[in-house]
Amino acid sequence: MLTDKLGVVLPILLITLGAGWLLTTLGIAPAIDWVWTLGLAVAGMLTLGIGGVDKVTIVLGPFLIIASCLSVLRQTERLPVNAEVPILVMVAGVLLLVARLSAVPAPKWILPEADRTRRD
């Protein structure tokens, strides 16, 4: 199952990189560093897609996706860098609070073996 998920990583990276490159070439968004921006977004999506939803991925995945969106706003001069960083700090705090909810499971790799066999 995990190898199936990992097999889609390269195609997704190529598609997103090509989309960013096309947007730059067509002059739609020429001032954006697409490798960095799309890299953040894809890393966030893959974190959730491959890792599932748990207390770690629920923080890391959305944080990377939001950081990618804020990066686009900063690079297009719609958001100053001195506003981007405080927003990211607040987002991290909110996501950490969400991770504390009892409905969000602990990651499987952190659970003792007895708990893992009981949950599966």
Between the side chain of Ser68 and the main-chain N/O of Leu64, is any donor-acceptor distance below 3.5 Å?
no

Decide yes or no for Thr24 and Ile32: does some side-chain heavy atom of the first lie under 4.5 Å from some side-chain heavy atom of the second?
no

Side chains of Leu95 and Ile58, heavy atoms from C-beta outward: is any pair under 4.5 Å?
no

Of the non-hydrogen atoms in Thr47 and Gly61, which two are nearest, and what is the gap between them?
CG2-N, 4.0 Å

Would you say the side chain of Lys108 lies within less than 4.5 Å of the side chain of Asp54, judging by non-hydrogen atoms?
no

Grab the two heavy atoms, one from Thr37 and one from Ser71, that are nearest each other, plus how far apart they are.
OG1-OG, 3.4 Å

I'd like to know if the side chain of Lys55 and the backbone of Leu101 have a donor-acceptor N/O pair within less than 3.5 Å.
yes

Measuring from atom CD of Gln75 to atom CG of Leu70, what distance do you get when rounded to the nearest 0.5 angstrom?
11.5 Å

Please check if the side chain of Glu84 supplies one atom and the backbone of Leu79 the other of a donor-acceptor pair under 3.5 Å.
no

For Thr57, run the side chain to side chain contact (heavy atoms under 4.5 Å, CB included) check against Ile50, Leu48, Leu46 and tell me which one passes.
Leu48

In the structure I gave you, are the side-chain heavy atoms of Val94 and Val91 within less than 4.5 Å of one another anywhere?
no

Heavy-atom closest pair, residues Ala92 and Phe63:
CB-CE1, 4.0 Å

Given the rule that I, L, V, M, F, W and Y join up when any side-chain heavy atoms are under 4.5 Å apart, are Ile65 and Leu23 in one cluster?
no

Applying the 4.5 Å side-chain criterion to the ILVMFWY set and letting contacts propagate, would Val72 and Leu38 be lumped into a single cluster?
yes

Are Val98 and Leu96 grouped together when hydrophobic residues (ILVMFWY) are joined by side-chain heavy atoms under 4.5 angstrom apart?
yes

Between Val81 and Trp36, is there a shared hydrophobic cluster once you connect ILVMFWY residues whose side-chain heavy atoms come closer than 4.5 Å?
no

Starting from Val53, can I reach Val59 by hopping between I/L/V/M/F/W/Y residues whose side chains sit under 4.5 Å apart?
yes

